[in-house]
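Proteins get letters first, then strands, A, B, ... in listed order; numbering begins at 1 in each.
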Amino acid sequence: MSNTEKAKPVNFIRAIAEQDLAEGRVAKIITRFPPEPNGYLHIGHAKSICVNFGMAEEMGGECNLRFDDTNPSKEEQEYVDAIKEDVQWLGFQWAGDVRYASSYFDTFYEWALHLIKAGKAYVCHLSPEQAKEYRGWATEPGKPSPYRERSVDENLALFEQMRAGEFAEGECVLRANIDMSSPNMNMRDPILYRIRKQSHHQTGDKWCIYPSYDFAHGQEDAIEGVTHSICTLEFADHRPLYEWFIENLPVPSKPRQYEFGRLNINYTVTSKRKLKQLVDEGIVQGWNDPRMPTVAGMRRRGYSPAAIRNFCDSLAVAKTDGVVDMAQLEFFIRDDLNKTAPRGMAVLKPLKVVISNYPEDQVEMLTAPKHPDLDLGERLLPFTREIYIDQDDFKEEYSKKFKKKLTPGKRIRLRNAYVIEADSYDKNEAGEVVQINASLIPDTLGKNPADEINPKGVVHWVSASHGKQATIRLYDRLFTVPTPDKGEEDFLSHVNPNSLTIVEGCWIEPDLANAANEQGFQFEREGYFVADRYDHSPEQPVFNMTIGLRDTWSND
RNA sequence: UGGGGCGUCGCCAAGCGGCAAGGCACUGGGUUUUGAUCUCAGCAUUCGAAGGUUCGAAUCCUUCCGCCCCAGCCA
């Protein structure tokens, strides 16, 4: 491997774009990210955003944000707002104003008229069931609709009636006149317009007919001068139709469509429909639940935009439809947070330690760097006679395996503080260890004990009298199987019932209570945590676990 | 099944006729007041399968096998 730069994953679309630029086929790369506002963006969209905005950015081009809002029955303004926020949070800015397919509806209507006049579109009164029959099947060609031969004038009049609301929903549609025997089902007289008597989040009640995806998408691209229209593999079959419209309509430019493999990650789902189901059925607490693979969820979980972008950029843009390991995403989350997150100490399962030879009323303000490498300044750690350590860091019996834990008669380094030795411990009626009685080894601040009996391990701690209490929410994967949406059973049957654990009564070092919402930290020896975007306050601190530290030792 | 797309290490993925990059994961060593980080090392005689062409094939040709997508008045 070269030590100056890492091998970058390939992007075959980018290679095409570079060639188009070099050969002068296009003067500037224009891409677009075209979500339908029918749900929140997820990690798969994040990759698409990185591809579209990233390519434009790096190649001196532009990328539009365009809502593909051609179906009012599924779309909402809430989603429009959330999507805009997510794109910007990821660190991208679209060229000019936000675009809407719906703002081109007048043009699409004119173009529909254009096709009718050219004898290339007709109003079809077949019912949905009949249309399905007429469409034929893979091995058998479809039959022409009995309405296919209507005259131009009749079609013009009928289409005007459709537009005027004189037909009921489902009564008729406008179809293109292409090829009922095409092996590509998309070419068997596809629908251009259907009736939807619903108000639209952008256009209100202006229309009761709405263009189909196929009749809209390429033309939207053409209107905006998009040069490279990038979408996922399942649209490859639509490309001939995309091109048919571009060829048969007086469009201002000729965009080209390219498809790449959609991003899948194991132990989660990336389908707006399924994510919506998790929300609607109350399995999670909303689209921005930290367990969700949505951009808003990952944000609330404490994933940084940089980490998400690094992950997306590590993925190749290719035509294979694979499933990426969650571990790969997690690597980039840790990688970024390790480099940037201030350190702190938090005790999740408190066990009191009383240091018998430390004066009861004494408080020493120790200092510790906020980051081991970065110059983020120092924090103050009050050290007192009573402190808390984690229950897991004390073992009643010493063994080689527990050499890094505190055990009776053994010493341990308190992180950023002194070395102590456990003298005895107390149990309650239930037999649980409730208190450690220890003694402080003098003159061990920043140095090893004079007797050279050095501690083998380091544990984190919080002052019992000066620490603050906090609620910490722990997360586990949302599904118990790698591919919850494959196989026979409903994906909901694989939901992990223990994906959320709320731990009350955790102790955090005092400064941490003042964390700004959304500030991420590394709680040393535990993992990365973020002050909840909505629920955290200095009075009632609430942290969400972003991800645990890499753990290479077998826990007992 | 007709059409479209894809099959290279557990996962992602280079390679495009000259003798298998890289990342994640994993394993082992070193450093360490985070069992983290960092660091060093290991990790496909083999490229879905079988034939063929060639001095030489993951790369070319045949056939076969497997997986995904379309058959909504969804996008």
Side-chain angles (χ1 to χ4, degrees), chain A residues 1-2 6-10 34-36 38 68 70-71 73-74 124 126-128 131-132 135-142 169-175 182-188 190-196 210 212-214 216-217 231-240 259 261-263 266 272-273 311 314-316 318-332 334-335 338-339 343 345 368 372-373 403-405 412-419 444-448 454-460 482 522-527 548-555:
Chain A
M1 181 181 84
S2 152
K6 284 184 179 174
K8 273 185 88 174
V10 286
E36 182 187 15
N38 64 345
D68 215 356
T70 57
N71 185 356
S73 53
K74 293 192 172 181
C124 178
L126 246 28
S127 69
K132 185 175 176 168
R135 195 156 36 233
W137 209 66
T139 46
E140 29 173 315
E169 277 189 30
E171 198 174 337
C172 58
V173 295
L174 183 72
R175 300 174 71 178
S182 170
N184 182 343
M185 303 299 286
N186 294 120
M187 302 300 273
R188 320 248 266 221
I191 287 170
L192 271 38
Y193 266 97
R194 73 288 213 202
I195 299 167
R196 283 275 181 288
Y210 292 90
S212 63
Y213 164 85
D214 287 308
H217 206 93
C231 60
T232 40
L233 252 29
E234 67 268 29
F235 291 102
D237 283 339
H238 294 246
R239 195 181 340 117
E259 313 88 22
R262 170 188 287 283
L263 169 63
N266 58 18
K272 274 196 271 188
R273 202 207 102 228
F311 168 68
S314 81
L315 271 14
K319 289 201 166 199
T320 37
D321 220 347
V323 182
V324 175
D325 255 321
M326 183 62 99
Q328 188 155 341
L329 205 206
E330 294 179 339
F331 168 82
F332 286 96
R334 289 194 182 98
D335 186 52
N338 174 52
K339 289 171 186 157
R343 310 286 127 124
M345 292 194 284
D373 310 315
K403 67 181 178 190
K404 297 212 175 195
K405 310 250 181 224
I412 205 80
R413 160 73 63 183
L414 293 175
R415 174 72 169 158
N416 297 127
Y418 297 95
V419 173
T444 50
L445 206 54
K447 54 177 95 160
N448 279 323
N454 300 336
K456 293 284 190 291
V458 182
V459 302
H460 55 101
Q522 183 197 98
F523 291 169
E524 289 184 299
R525 303 211 315 130
E526 291 288 355
L549 251 27
R550 188 156 162 269
D551 187 356
T552 50
W553 49 293
S554 49
N555 219 334

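Using a 4.0 Å heavy-atom cutoff across all strands shown, V323(A) reaches sugar-phosphate atoms only and no base atom. The residue G457(A) sits apart from the nucleic acid: no heavy atom pair falls under 4.0 Å. Counting non-hydrogen atoms under 4.0 angstrom, P372(A) reaches a base of the nucleic acid. Counting non-hydrogen atoms under 4.0 angstrom, K404(A) reaches a base of the nucleic acid. Across all strands, G170(A) comes closer than 4.0 Å to base atoms (heavy-atom distances). Counting any heavy atom pair closer than 4.0 Å across all strands shown, R343(A) reaches a base atom. Across all strands, V173(A) comes closer than 4.0 Å to base atoms (heavy-atom distances). Nucleic acid contact for S73(A): none, since no nucleic acid atom lies under 4.0 Å from a heavy atom of the residue. Counting any heavy atom pair closer than 4.0 Å across all strands shown, A417(A) reaches a base atom. In this structure, L445(A) reaches the bases: a heavy-atom distance under 4.0 Å links it to at least one base atom across the strands shown. Counting non-hydrogen atoms under 4.0 angstrom, L174(A) reaches nothing in the nucleic acid.
Closest to the side chain of E524(A), out of rU34(B), rG5(B), rC11(B), is rU34(B). Side chain of T320(A), nearest nucleotide from rA25(B), rA13(B), rU34(B): rA13(B). Nearest to the side chain of A236(A), among rC74(B), rG4(B), rC24(B), sits rG4(B). Here rG2(B) is the nucleotide among rA13(B), rG2(B), rG23(B) with the atom lying nearest to any side-chain atom of T139(A).
At the phosphate of rA25(B), neither OP1 nor OP2 sits under 4.0 Å from any side-chain N or O atom of R334(A). The phosphate of rG3(B) has neither OP1 nor OP2 within less than 4.0 Å of any side-chain N or O from R188(A).
Remark: the separation of the P atoms in rC69(B) and rA36(B) is 41 Å, to the nearest Å. The gap from the C1' atom of rC16(B) to that of rC11(B) amounts to 24 Å, rounded to the nearest Å. Comparing rU63(B) with rC68(B), their P atoms sit 24 Å apart, to the nearest whole Å. Using atom P as the reference point in both rA13(B) and rG51(B), the two lie 29 Å apart (nearest Å). To the nearest whole angstrom, the two P atoms, one in rA58(B) and one in rU8(B), are 15 Å apart. Look at the C1' atom in both rA25(B) and rC70(B): the space between them is 35 Å, to the nearest Å. Comparing rG17(B) with rG42(B), their P atoms sit 30 Å apart, to the nearest whole Å. Using P as the reference atom, rG23(B) and rU37(B) are 16 Å apart when rounded to the nearest Å.
The base of rU34(B) sits with one of its N or O atoms less than 3.5 Å from a complementary donor or acceptor on the side chain of Q522(A).
Residues P455(A) and R413(A) come closest through the heavy atom pair CB-N, 3.6 Å.
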Write down the protein N/O and nucleotide N/O pairs, taken from nucleotides 69-72 of chain B, whose separation is under 3.5 Å; answer none if there are no such pairs.
residue : atom : partner : partner atom : Å
rG72(B) : OP2  : R135(A) : NH2          : 3.0

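Inter-residue side-chain proximity for L315(A) and Q328(A) is flagged as met; some heavy-atom pair is nearer than 4.5 Å. Between L263(A) and V324(A), some side-chain heavy-atom pair lies under the 4.5 Å cut-off.
With a 3.5 Å ceiling on both atom-pair distances, rA14(B) lacks any Watson-Crick or G-U wobble partner. In this structure rC38(B) sits in a base pair with rG30(B), meeting the Watson-Crick or G-U test at under 3.5 Å. Checking rG7(B) for Watson-Crick or G-U wobble geometry (two distances, each under 3.5 Å) identifies rC65(B) as its partner. Both distances falling under 3.5 Å, in either a Watson-Crick or a G-U wobble arrangement, occur for no nucleotide opposite rG72(B).
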Practice prompt. Using the side-chain contact (heavy atoms from CB on, under 4.5 Å) rule, take H217(A) and H238(A) through it: C-alpha gap first, then chi angles, then the decisive distance, then the call.
Written response: CA-CA 11 Å; H217(A) 206 93; H238(A) 294 246; over 6 Å; no
Worksheet item: Do D325(A) and E330(A) pass the side-chain contact (heavy atoms from CB on, under 4.5 Å) test, and can you show the C-alpha distance, the side-chain angles, and the key distance before you say yes or no?
Response: CA-CA 9 Å; D325(A) 255 321; E330(A) 294 179 339; over 6 Å; no
Item to complete: Could you encode protein contacts along nucleotides 26-31 of chain B as a string, one character per nucleotide from 5' to 3', using B for base contact, S for sugar-phosphate-only contact and - for no contact, with a heavy-atom cut-off of under 4.0 Å?
Response: S-----
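Under the 3.5 Å distance criterion, the side-chain polar atoms of N184(A) are matched with a main-chain donor or acceptor of D237(A). A donor-acceptor pair under 3.5 Å links the side-chain atoms of R525(A) to the main chain of V458(A), judged by distance alone. Between the side chain of R188(A) and the backbone N or O of R135(A), at least one donor-acceptor pair lies under 3.5 Å. In this structure a side-chain-to-backbone donor-acceptor pair under 3.5 Å is present from T444(A) to V419(A). Of the possible donor and acceptor atoms, one in the side chain of S212(A) sits under 3.5 Å from a partner among the backbone N and O of I191(A). No side-chain donor-acceptor contact under 3.5 Å links R194(A) to the backbone of E169(A).
As a whole-Å value, the separation of N338(A) CG from rA36(B) P is 11 Å. Rounded to whole Å, atom P of rU32(B) lies 13 Å from atom NZ of K456(A). Taking atom CZ of residue F311(A) and atom C1' of nucleotide rC11(B), one finds them 11 Å apart after rounding to whole Å. Per the geometry, CG belonging to L315(A) stands 11 Å off C1' belonging to rC24(B), to the nearest Å. One interatomic measurement links the two molecules: CG of D325(A) to C1' of rG23(B), which rounds to 12 Å at whole-angstrom precision. In this structure, the CZ atom of R525(A) is 10 Å from the P atom of rU34(B), given to the nearest Å. Rounding to whole angstrom units, CD of residue E169(A) and P of rC74(B) are separated by 10 Å. Rounding to whole angstrom units, CZ of residue R239(A) and C1' of rA75(B) are separated by 18 Å.
Here E36(A) does not pair with K272(A) in a salt bridge; the nearest charged N to carboxylate O distance is not below 4.0 Å.
Using a 90° window around 0 for the glycosidic torsion, rG72(B) falls inside it and is classed as syn.
Of the two residues contacting RNA chain B, namely R194(A) and E526(A), the nearest-nucleotide position lying further toward the 5' end is that of E526(A).
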